[in-house]
Undergrad: 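Here you go, one structure.
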Amino acid sequence: VSGYLIGFSLGQLVWGPISDRFGRRKPIAIGVVIFTLGSVGCAMAGSLTMLIGWRLVQAFGACAGVVLSRAMVRDLYSGDEAARMISTLMVAMGVAPLLGPIVGGQMLAVAGWRPIFWTQVAAGGVILGAVLILPETLAITRRQTSSLLQIVSRYGGLLFHRRFMANTCAGGFFFFGTFAYVAGSPFAYITYYHVPPGLYGFLFGAGIIGVMTGSFVNARLVTRFGAARLLYGGSLIGMLAGVVLALTSRTDIGGFAGLFIPLLVYVSMTGLVIANSFAGALAEFPAMAGSASALVGALQYGSGMLGTALVGWFADGTPWPLGCIILAAGIGSVVCARLVRHWS
């Protein structure tokens with residue numbers, strides 16, 4: 001999983017500039033082909049090292065569609081309307097992590113692990129067929145005429161743009177906490193509170209439904225209240241959930257419910273925070289939406305990987321480190337969201 005996330009995060013930095021130069025449709029198609037070939041490699045891997053290597057290839061191709069779909073939204077929409085459409089996109093994308101573990105778990109039990117990757121090969125073929133009929137959203141007249149090296153060099157300018165970075169970091173801090181939840185919740189639920197392993201999938205699914213619900217609410221409200229305000233509101237609620245979580249994980253007040261409920265509230269706010277942070281960041285650079293989307297994605301997924309690592313580094317046999325990490329993530333997100341509103 002870590003190998004996949006590394007490829008998924010760094011690969012975005014490659015696809016973004018390419019799409020600004022050559023359009024969105026062809027890079028996505030190439031990415032799907034690479035993902036499909038990586039899936040074949042995974043299915044036929046003869047060792048763990050080969051499997052991890054092919055997972056990197058798979059992730060490098062898979063991230064093209066994710067990063068460029070957001071750029072395509074920015075090609076077609078702007079401002080709060082872009083935030084609304086990204087929220088709608090997140091609702092649809094939430095189905096995959098909800099159904100994936102369930103379907104994959106059943107396939108693993110019945111047929112082993114290799115058919116899981118052959119299923120991804122088939123999915124890659126279906127996706128490629130859909131991409132081939134997908135209209136191009138970046139007109140030739142709007143594409144970057146600079147060389148790819150020059151386009152990549154502009155990442156430096158993005159890193160020093162304060163509104164871009166404030167939006168990016170607001171989402172990055174929140175991703176930091178969300179990935180800590182993904183890494184730490186199995187221990188907290190199963191090992192510490194003795195939840196049956198078979199029930200964990202349903203508890204994790206509740207979090208995915210929470211993200212989808214938050215995204216749906218954001219899509220309905222963002223054109224009324226504005227992306228910056230909802231970004232701050234979602235971050236603030238997440239921070240307050242972190243305060244409760246830090247308290248209950250330290251004192252065991254409320255038992256399992258005292259842990260589960262604030263975690264669910266925090267994760268549900270991902271639907272508000274991430275969509276609005278992406279829309280706010282991409283709004284600053286409409287002429288290079290691919291590169292901007294790539295840098296936002298890489299930084300936010302990178303912060304997520306750090307969150308998973310810290311859960312392990314500070315593990316002490318209780319959910320307390322998880323509570324502290326999520327509280328810190330909420331505070332960081334609120335500070336950055338406040339800066340977004342201040343600089344808007």
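Below, all heavy atoms of this structure are taken into account, side chains as well, without hydrogens, waters or symmetry copies. Starting from 1, each residue takes its place in the sequence as its number.
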Undergrad: Keeping the roles fixed (side chain from Arg70, backbone from Val73), state whether a donor-acceptor pair exists under 3.5 Å.
TA: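 Pair absent, no side-chain N/O of Arg70 close to backbone of Val73.
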
Undergrad: Donor-acceptor pair, distance only, cut-off 3.5 Å: does the side chain of Gln12 make one with the backbone of Leu295?
TA: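 Looks like no, no N/O pair under 3.5 Å.
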
Undergrad: How many angstroms lie between atom CD1 of Ile30 and atom CZ of Arg25, to the nearest 0.5 angstrom?
TA: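 If I round to the nearest 0.5 Å, the distance is 11.5 Å.
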
Undergrad: Within the side chain of Thr248, is there an N or O that forms a donor-acceptor pair under 3.5 Å with the backbone of Leu245?
TA: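 Yes, because the side chain of Thr248 sits within donor-acceptor range (under 3.5 Å) of the backbone of Leu245.
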
Undergrad: Walk me through whether Phe60 and Phe35 qualify under side chain to side chain contact (heavy atoms under 4.5 Å, CB included).
TA: CA-CA 7 Å; Phe60 180 81; Phe35 165 78; over 6 Å; no

Undergrad: Indicate, with yes or no, if Phe175 and Leu299 share a hydrophobic cluster defined by side-chain heavy-atom contacts under 4.5 Å among Ile, Leu, Val, Met, Phe, Trp and Tyr.
TA: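 Linked within one cluster.
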
Undergrad: Would Tyr193 and Asp252 count as having a side-chain donor-acceptor pair, cut-off 3.5 Å?
TA: yes

Undergrad: Work out which heavy atom in Ala188 is nearest to a heavy atom in Leu322; give both atom names and the distance.
TA: CB-CD2, 4.5 Å

Undergrad: Going from CD1 on Ile325 to CH2 on Trp313, what distance comes out if it is rounded to the nearest 0.5 angstrom?
TA: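 Interatomic distance, Ile325 CD1 to Trp313 CH2, rounded to 0.5 Å: 10.0 Å.
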
Undergrad: For the pair Trp113 and Phe117, name the ring-plane relationship: parallel under 30°, tilted 30 to 60°, perpendicular over 60°.
TA: perpendicular

Undergrad: Any idea which heavy atoms bring Tyr266 and Ala329 closest together, and the distance?
TA: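 Reported closest heavy-atom pair: OH-CB, 3.6 Å.
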
Undergrad: For Asn218 and Gly271, work out which heavy atoms get closest and say how close.
TA: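 Distance-wise, the nearest heavy atoms are CB-O, 4.0 Å.
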
Undergrad: Assess Arg163 against Trp343: is NZ or CZ under 6.0 Å from the centre of the six-membered ring, and within 45 degrees of the ring's axis?
TA: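 Output no; distance or angle outside limits.
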
Undergrad: Take Arg229 and Arg341, measure what side chain to side chain contact (heavy atoms under 4.5 Å, CB included) needs, and give me the verdict at the end.
TA: CA-CA 7 Å; Arg229 184 179 296 179; Arg341 296 191 66 185; 4.3 Å; yes

Undergrad: With ring centroids as reference points, do Phe285 and His161 lie under 6.0 angstrom apart?
TA: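 They qualify: ring centres under 6.0 Å apart.
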
Undergrad: So if you build clusters from Ile, Leu, Val, Met, Phe, Trp, Tyr with side-chain heavy-atom gaps below 4.5 Å, do Val67 and Leu128 land together?
TA: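 The answer is yes; both residues are in one hydrophobic cluster.
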
Undergrad: Between Leu158 and Met165, what is the shortest heavy-atom contact and its length?
TA: O-CG, 3.7 Å

Undergrad: Compute both the distance and the angle, then confirm whether Arg338 meets the cation-pi test with Tyr232: under 6.0 Å from the six-membered ring centre, within 45 degrees of the axis.
TA: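 Verdict for Tyr232: a cation-pi partner in Arg338.
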
Undergrad: Checking side chain to side chain contact (heavy atoms under 4.5 Å, CB included) for the pair Val195/Leu203: CA distance, chi angles, key distance, verdict?
TA: CA-CA 10 Å; Val195 171; Leu203 297 175; 3.8 Å; yes

